[in-house]
Amino acid sequence: MKLKKIFSVALTAAMVAGLACVPVSADEESNTLTVWCWDPAFNIYAMEEAEKVYQEINPDFTLEIVETAWDDVQTLVTTAAASGDYSTLPDILLMQDNAFQKNVISYPGLFVDITDSGIDFASFAEGKTAYSIVDGANYGVPFDNGAVVACYRTDVLEQCGLTVDDFTDIDWDQYIELGRTVLETTGMPLLSMQAGECDLLMMMLQSAGGSWCNEDGTPNISGNEIITKVMETYKTLVDEGILIEVNSWDEYVATMVNSTVAGTINGCWILASIQTAEDQSGNWAITNMPSLVGIDGATNYSNNGGSSWAITSNCSNVDLATDFLANTFAGSVEFYETILPSSAAIATYLPAGDSDVYAEPQEYFGGDAIYAKIVEYSGYTPSNYTGVYYYEAREALAIAVTNVVAGADIASELDTAQSTVEFAMGM
């Protein structure tokens, strides 16, 4: 394993330097697959454990795991597509969910269509699977969970005569009313976010099944009822002091661990940051997020972040790759039970949510079985279309909400955002 890791890091460095001019995929007779992914403690660890699980079925199977930063993955994919030579790509790579459709649509033939591979996609949360579907075809196997959780300091709520139940299955109007109570009683806002970012906006948007674009990929920002409601809600939160904006990620995390705010709303991966405050153990609880008011189809569930595995067209043994994924990430509760304690990699594979490991109470969160709850939330998350220009739309909306908070007209800002994205698309 040590030799494998040395090979992986060295190969990644060579590729980033532009030296990868030979195929890295295993030949057809080989029982080895190459994989690109990032984060040794999370994604790479999960792949290493998946290798062990699959070796119980196929003892001679091996992986060559190449540690590759996400930005490098996208750059190397784009370079290979531009040259028309996919031979520099691995058999399997990890793709951020919000970039998945962009890459499938922009580079036809890049990934293998695995719709009829035997993988049971119905075993995953529908909203998660949708990120890697294009024209009805499946191109990805879902991995880590980005289901949104609303987190609250129960000791702070107690000072206000409230419990986490008061924040469960509520809408944003109710949340604002409760936020006023907490602010008046304790002086603490309920929420913080990074200024100039739009994570909360995108979470609100998806919670109602909304998107920045139509299904044909054309922008749908100007006059969009759901985006308008999201902007109005966000501005109210800031204007009333229920939400405070900070300048950086570190400052955002600090608001939680330093008891500046009484809660947060984000992808479930935020729980790892919350738990760095060891002195707050037992004083946190999670529930679902508020729903948008007056919007048909609004729910209390959303997603923020996450990634999925894709088989590239350079894979010479697609049957081996699909069988490996089908028996690990898409078919083994044991696998997900194994990686949870060490990596906090929460599944979107729904059967894992019923396991004994996921049902174990977590002391930090008041003894609640939070992992089973998060998998349940992911099953309720509406799907939405991200399209090719998702990141350009995010940036345009982030600028728009910054201006709206400063007093600009929402309709005018959405018109500008629409024009900005249309320009980026060459329309």
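All values below were derived from every heavy atom in this structure, side-chain atoms included, with hydrogens, water molecules and symmetry-related copies excluded.
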Intermediate values then yes/no, side-chain contact (heavy atoms from CB on, under 4.5 Å), Ile274 and Val257
CA-CA 6 Å; Ile274 289 173; Val257 300; 5.9 Å; no
Working note: Asn288 + Thr168, criterion side-chain contact (heavy atoms from CB on, under 4.5 Å); need CA distance, chi angles, decisive distance, verdict.
CA-CA 6 Å; Asn288 52 19; Thr168 300; 4.0 Å; yes
Going through the distances and angles, do Asp113 and Asn138 end up as a side-chain hydrogen bond (donor to acceptor under 3.5 Å, both in side chains)?
CA-CA 6 Å; Asp113 179 347; Asn138 293 89; over 6 Å; no
Run Asp415 and Ser222 through side-chain hydrogen bond (donor to acceptor under 3.5 Å, both in side chains) and show every step you take.
CA-CA 5 Å; Asp415 288 344; Ser222 181; 2.3 Å; yes
Should Val401 and Glu197 be marked as a side-chain contact (heavy atoms from CB on, under 4.5 Å) after you check the CA-CA gap, both sets of side-chain angles, and the distance that decides it?
CA-CA 9 Å; Val401 76; Glu197 295 288 343; over 6 Å; no
Hey, mind stepping through Val53 and Thr338 against side-chain contact (heavy atoms from CB on, under 4.5 Å) and telling me if it holds?
CA-CA 10 Å; Val53 169; Thr338 299; 5.6 Å; no
Test log, rule salt bridge (Lys or Arg N to Asp or Glu O under 4.0 Å), inputs Glu49 and Lys52:
CA-CA 5 Å; Glu49 292 302 312; Lys52 296 174 186 176; 3.0 Å; yes
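Residue Tyr391 qualifies as enclosed at atom OH: its count of foreign heavy atoms under 6.0 Å is above 12. At most 12 heavy atoms of other shown residues, nucleotides or ligands fall within 6.0 angstrom of atom CG in Asp116. Surrounding CG of Asp279 are more than 12 heavy atoms belonging to other residues, nucleotides or ligands, all under 6.0 Å away. Summarising the local packing, CD of Glu126 is surrounded by 12 or fewer heavy atoms from other residues, nucleotides or ligands at distances under 6.0 Å. A 6.0 Å sphere centred on CG of Asp296 holds no more than 12 heavy atoms belonging to other residues, nucleotides or ligands. In Asp356, the CG atom is not crowded: 12 or fewer heavy atoms of neighbouring residues, nucleotides or ligands sit closer than 6.0 Å. More than 12 heavy atoms of other residues, nucleotides or ligands sit less than 6.0 Å from atom CD of Gln362.
Between the CE atom of Met204 and the CG atom of Asn304 there is a distance of 12.5 Å, given to the nearest 0.5 Å. One distance of note links CG of Asp155 with SG of Cys160; it measures 10.0 Å at 0.5 Å rounding. Atom CH2 of residue Trp36 and atom CD1 of residue Ile44 lie 13.5 Å apart, to the nearest 0.5 angstrom. Distance check: Ile170 CD1 to Ser291 OG gives 8.0 Å after rounding to the nearest 0.5 Å. Residue Asn283 holds its CG atom at 9.0 Å from CD of Glu158, rounded to the nearest 0.5 Å. To the nearest 0.5 Å, atoms SG (Cys268) and NZ (Lys373) are separated by 13.0 Å.
Between Phe61 and Tyr54, the angle of the ring planes goes over 60°, which puts this pair in the perpendicular group of the 30/60° scheme. In this pair, Phe329 and Phe143 present their aromatic rings perpendicular. The plane angle is above 60°, beyond the 30 to 60° band. Taking the six-membered ring where the residue is Trp, Tyr175 and Trp172 present perpendicular rings, their angle passing 60° and hence far from 30°.
A side-chain donor-acceptor contact under 3.5 Å links Thr299 to the backbone of Ser207. A distance-only check finds no donor-acceptor pair linking the side chain of Glu392 to the backbone of Val421 [under 3.5 Å]. Checked by atom type and distance alone, the side chain of Thr276 never pairs as donor or acceptor with a backbone atom of Ala272 at under 3.5 Å. A donor-acceptor contact shorter than 3.5 Å links the side chain of Glu251 to the backbone of Asn247. At least one donor-acceptor pair under 3.5 Å links the side chain of Gln101 to the backbone N or O of Ala130. A donor-acceptor contact shorter than 3.5 Å links the side chain of Thr381 to the backbone of Tyr377. In this structure a side-chain-to-backbone donor-acceptor pair under 3.5 Å is missing from Asn43 to Cys37. Under the 3.5 Å distance criterion, the side-chain polar atoms of Ser378 are matched with a main-chain donor or acceptor of Val375. Side-chain atoms of Ser281 do not come within 3.5 Å of backbone N or O of Glu278 as any donor-acceptor pair. Put simply, the side chain of Tyr390 never gets that close to the backbone of Trp212: no donor and acceptor are under 3.5 Å apart.
A 4.5 Å side-chain heavy-atom check between Met47 and Trp309 finds at least one atom pair inside the cut-off. Residues Asn314 and Pro90 fail the side-chain proximity criterion, which asks for heavy atoms closer than 4.5 Å. With contacts defined as side-chain heavy-atom distances shorter than 4.5 Å, the pair Thr32/Leu320 does not qualify. Side-chain contact check for Thr218 versus Glu422: every heavy-atom pair is 4.5 Å or farther apart. Within the 4.5 Å cutoff, no side-chain heavy atoms of Arg153 are placed close to those of Val261. The side-chain heavy atoms of Met289 and Ser302, taken from C-beta on, include a pair separated by under 4.5 Å. In this structure, Val149 and Asn266 have side chains that are not in contact, with every pair of non-hydrogen atoms separated by 4.5 Å or more. No side-chain heavy atom of Trp38 sits under 4.5 Å from any side-chain heavy atom of Thr68.
Considering Ile265, Leu237, Val182 in turn, Val182 is the only one that fulfils the side-chain contact (heavy atoms from CB on, under 4.5 Å) rule with Leu190. With Phe100 as the partner, the ring pair (Phe, Tyr, Trp, His ring centres under 6.0 Å) test is satisfied by one option alone out of Tyr139, Tyr107, Phe111: Phe111. Put simply, the residue from Thr233, Val238, Asp239 that forms a side-chain contact (heavy atoms from CB on, under 4.5 Å) with Lys235 is Asp239.
When every heavy atom of Met95 is checked against every heavy atom of Asn103, the shortest pair comes out as SD-ND2, 3.4 Å. Counting all heavy atoms, side chain and backbone alike, Phe167 lies closest to Thr287 at O-CG2, 3.7 Å. The heavy-atom pair separating Leu205 from Val230 by the smallest distance is N-CG2, 4.0 Å. Heavy-atom minimum distance, Met202 versus Leu397: SD-CD1, 4.1 Å. Taking both residues in full, the closest heavy atoms of Met256 and Trp284 are given as O-CZ2, 4.2 Å, listed atom of the first, atom of the second, then distance. Closest heavy-atom contact between Leu292 and Ile226: CD1-CG2, 3.8 Å.
A donor-acceptor contact closer than 3.5 angstrom links the side chains of Ser192 and Thr255. One side chain, Thr78 or Gln74, offers a donor N or O that lies under 3.5 Å from an acceptor on the other. Residues Ser307 and Asp144 have side chains that bring a donor and an acceptor to within less than 3.5 angstrom of each other. Using a 3.5 Å distance cut-off with no hydrogens or angles, the side chains of Asn98 and Thr386 do not pair a donor with an acceptor.
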